[in-house]
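What follows is one structure encoded as structure tokens, with my remarks underneath.
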Amino acid sequence: MRTLDILSKKLKFVDTDPMVKDSKALKDVQPELEKLRQKAVSKVFDFIVQKLQALRKPKTNIQILQQNVLLKYKYIISFLKEHSKEVHLEVRAAYIDTMNKVLSAHFRAYIQALEKLQLDIATSNDLIGVETRSTSLFSRGREPLKNRSAVFALGERLNVLKEIDQPALIPHIAEASSLKYPYEVLFRSLHKLLMDTATSEYLFCDEFFGEESIFYEIFAGPFAVIDEHFNSILPNCYDAIGLMLMIRIVHQHQLIMSRRRIPCLDSYLDKVNISLWPRFKMVFDMHLSSLRNANVKLLWEDDSHPHYVMRRYAEFTASLIHINVEYGDGQLELNMERLRMAVDELLMKLAKMFSKPKLQIVFLINNCDMTIAVLKEAGPEGGKIQQHFEEMLKSNTGLFVEELLMEHFSDLIKFVKTRASEDPNGSNERPISVSEVEPIVKDFGSRWKGAIELMHKDVITSFSNFLCGMEILRAALTQLLLYYTRLSDCIKRINGGAALNKDLVSISSIMYEIRKYSRTF
């Protein structure tokens with residue numbers, strides 16, 4: 001290196017000093033100097049090309065070779081750039097060709113190894129509104145059911161975002177322990193390897209050749225290999241949660257590269273992101289259509305417990321909310337709202353399949369309650385969607401309470417609603433008489449405890465969530481107490497009403513019963 005440096009100085013001196021150019025001494029020396037330049041150029045070319053060939057050897061640690069060997073001789077590159085442009089271009093081309101082939105092969109082998117580890121999660125039939133039994137006789141053999149829950153529920157899959165910068169998977173170790181992974185885990189691994197390789201290569205090119213543009217020529221190969229793989233995976237991906245996780249992985253990787261201050265993957269990561277969104281939207285729309293075009297008769301089961309389509313919807317929505325907690329995405333929120341409207345419509349259609357209004361209400365309450373519970377797990381503030389189901393639960397609870405009380409105390413309720421607010425001594429053409437009220441009072445006195453017990457049993461068998469059922473029972477008993485209090489107040493105002501006092505149940509007795517049922521949870 002030192003000798004080259006001395007030669008370089010002499011060549012520059014001869015070139016630049018006008019006094020020297022006209023001297024006779026130069027005429028003597030020039031041919032020898034030119035021979036020396038040619039000899040030096042040819043020897044360093046042979047030397048550096050031989051070093052580059054070492055990069056092609058299998059199992060070579062490229063980064064160690066670059067750092068410990070090539071960078072020692074980086075002066076050769078600037079010497080060639082100054083004293084032999086065409087040879088400099090040859091070395092540059094040889095390096096690009098070598099690294100393009102080596103890294104392309106490296107990524108191709110890694111991708112092939114990763115593909116063996118892929119766990120298939122969703123097919124084009126795994127949609128929210130698809131009836132489960134319909135894929136029976138004629139469908140092809142399916143994966144065991146254990147992966148099917150991952151289509152809608154996030155579960156452990158969120159961990160991939162927590163392990164965003166962990167080392168890439170080592171395929172033969174994973175294969176030896178026969179582990180399989182959802183595609184987003186492999187996607188993260190591949191991109192982690194890409195980031196680290198690109199960072200190292202970009203910095204090396206900058207230091208060794210003094211130019212960054214060479215990086216893009218080298219990586220044209222690896223990018224093409226990764227694109228080819230990705231373009232074969234994406235059109236067959238029906239896993240909306242996996243796609244959303246990949247969108248978030250790309251975002252995190254963009255942040256990592258920007259923290260490293262390495263811009264060389266910017267346009268590549270943008271391109272991946274741009275290809276992921278339309279695919280996510282397409283799969284999301286398939287879920288949406290499956291709800292809009294669902295066959296209600298096929299989906300309906302004569303069972304008022306939470307429906308599996310609602311569970312899928314709740315898990316799917318909760319998963320997407322959870323993945324996007326830190327990202328306000330207006331477009332996604334809009335789509336989630338469309339999905340909620342579609343599921344609402346389907347839920348109403350399913351409810352109408354029950355012949356009894358009471359069962360319709362029970363069905364709606366059970367489904368709303370389950371949906372709220374699943375959404376709460378995803379994040380404390382379930383936002384607009386959770387609020388919507390809470391309001392729906394509240395209004396249906398009110399309806400159920402009325403239905404339940406009407407079954408057991410219809411005479412009492414009709415009287416209180418129509419007559420109790422009238423003034424018994426007023427100018428009404430038909431004042432309230434003791435004989436009108438007496439059968440209601442006696443009927444209530446004789447069977448109120450039994451009726452409450454029946455209501456309790458009814459609630460316990462109707463609602464799949466015990467706590468929700470008990471809340472509803474408490475609301476019903478409180479409402480009953482209000483009706484009965486109004487009846488008692490009305491009797492006090494009737495002429496001769498005092499005669500019924502012995503048959504009235506005291507408010508404190510009813511309160512005692514209510515407390516008894518409240519204590520059960």
Side-chain angles (χ1 to χ4, degrees), residues 119-133 135 142-161 182-185 237-248 280-281 283-292 294 299 301 303 305-325 327 329 332-333 335-347 350 363-390 392-393 464-465 468:
L119 177 72
D120 289 328
I121 285 190
T123 68
S124 53
N125 290 327
D126 292 313
L127 301 169
I128 299 176
V130 170
E131 196 268 324
T132 45
R133 293 170 307 225
T135 56
R142 289 300 311 266
E143 284 270 328
L145 282 172
K146 64 179 190 302
N147 309 333
R148 298 293 293 286
S149 63
V151 178
F152 309 106
L154 188 56
E156 301 290 299
R157 293 176 76 183
L158 192 66
N159 291 345
V160 73
L161 295 179
Y183 183 70
E184 70 273 6
V185 174
C237 180
Y238 295 96
D239 174 11
I241 290 169
L243 287 162
M244 184 45 74
L245 284 168
M246 287 191 266
I247 288 169
R248 293 299 159 232
F280 170 78
K281 179 81 171 64
V283 177
F284 188 92
D285 285 348
M286 285 171 72
H287 282 292
L288 188 59
S289 307
S290 77
L291 288 172
R292 285 181 177 161
L299 286 177
E301 296 168 343
D303 179 358
H305 288 87
H307 195 282
Y308 61 84
V309 166
M310 278 311 283
R311 177 165 288 285
R312 286 176 192 168
Y313 163 77
E315 286 176 346
F316 184 71
T317 302
S319 300
L320 291 177
I321 289 174
H322 204 148
I323 298 170
N324 289 288
V325 165
Y327 309 85
D329 193 308
L332 182 69
E333 279 170 27
N335 282 319
M336 303 284 276
E337 190 55 27
R338 286 164 62 216
L339 193 68
R340 182 197 63 68
M341 285 154 76
V343 89
D344 263 10
E345 213 172 295
L346 180 61
L347 190 61
L350 285 168
F363 177 73
L364 290 173
I365 290 176
N366 277 328
N367 280 289
C368 289
D369 180 62
M370 178 274 299
T371 306
I372 294 163
V374 174
L375 290 175
K376 274 184 177 160
E377 282 172 28
E381 66 300 334
K384 280 196 302 198
I385 295 177
Q386 189 178 314
Q387 249 173 338
H388 166 80
F389 284 106
E390 280 167 352
M392 199 165 156
L393 177 68
S464 25
N465 175 357
C468 172

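Residue indices begin at 1 and follow the sequence shown.
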On a heavy-atom basis, the closest approach of Cys468 and Ile365 is SG-CG2, 4.0 Å
Output for pair (Ile321 CD1, Ile385 CD1), nearest 0.5 Å, gives 4.5 Å
Review point. Is atom CD of Glu337 surrounded by more than 12 heavy atoms (other residues, nucleotides or ligands) closer than 6.0 Å?
Key: yes
What I'd like to find out is whether the side chain of Arg311 reaches to under 4.5 Å of the side chain of Phe152, using heavy atoms alone. no
* Side chains of Ile128 and Leu339: does their closest heavy-atom pair fall under 4.5 Å? -> yes
Review point. Is there side-chain contact between Leu347 and Met392, with heavy atoms separated by less than 4.5 Å?
Key: yes
For Tyr313, the side-chain hydrogen bond (donor to acceptor under 3.5 Å, both in side chains) test, sequence neighbours excluded, returns none
Would you check if Asp239 and Arg157 make a side-chain contact, meaning some heavy-atom pair closer than 4.5 Å?
yes
* Check the pair Phe284 / Met244 against side chain to side chain contact (heavy atoms under 4.5 Å, CB included), numbers first and verdict last. => CA-CA 10 Å; Phe284 188 92; Met244 184 45 74; over 6 Å; no
For the side chain of Asn367 and the backbone of His307, is there at least one donor-acceptor N/O pair under 3.5 Å apart?
yes
Would you say Leu119 and Val185 make side-chain contact, with heavy atoms under 4.5 Å? no
Note to self: What I'd like to find out is whether the side chain of Met370 reaches to under 4.5 Å of the side chain of Ser464, using heavy atoms alone.
What the structure shows: no
Closest non-hydrogen atoms of Gly242 and Glu184, given as atom of the first, atom of the second and distance, are CA-OE1, 3.7 Å
Margin query: Less than 4.5 Å apart, side chain to side chain, heavy atoms only: is that true for Asn366 and Asn465?
Written below: no
So CZ of Arg340 and NZ of Lys384: to nearest 0.5 Å the spacing works out to 8.5 Å
Residues Met286 and Ser124: closest non-hydrogen pair is CE-O, 3.9 Å
To the nearest 0.5 Å, atom CE of Met310 lies from atom CG of Asp369 at 11.0 Å
Quiz item: Run the side chain to side chain contact (heavy atoms under 4.5 Å, CB included) check on Thr371 and Leu393 step by step: do they pass?
Solution: CA-CA 10 Å; Thr371 306; Leu393 177 68; over 6 Å; no
When rounded to the nearest 0.5 Å, the distance separating CG of Leu154 from CG of Leu320 is 8.5 Å
* Stepwise side chain to side chain contact (heavy atoms under 4.5 Å, CB included) test for His388 and Asp344 -> CA-CA 10 Å; His388 166 80; Asp344 263 10; 2.6 Å; yes
Between Arg338 and Leu288, the two heavy atoms sitting closest are NH2-CD2, 3.2 Å
### Sidechain-backbone polar pair: Arg312 side chain, Leu127 backbone, donor-acceptor under 3.5 Å
yes
Separation between CZ (Arg248) and CG (Leu161), nearest 0.5 Å, reads 9.0 Å
Note, Ile247 side chain near Phe280 side chain (heavy atom, < 4.5 Å) = yes
Closest heavy-atom pair, Ser290 versus Gly129, reported as atoms and distance to 0.1 Å, is OG-N, 2.9 Å
Can you list the steps and then say if Leu299 with Leu346 is a side chain to side chain contact (heavy atoms under 4.5 Å, CB included)?
CA-CA 10 Å; Leu299 286 177; Leu346 180 61; 4.0 Å; yes
Shortest non-hydrogen pair, Tyr308 vs Glu301, comes out as CE2-OE2, 3.5 Å
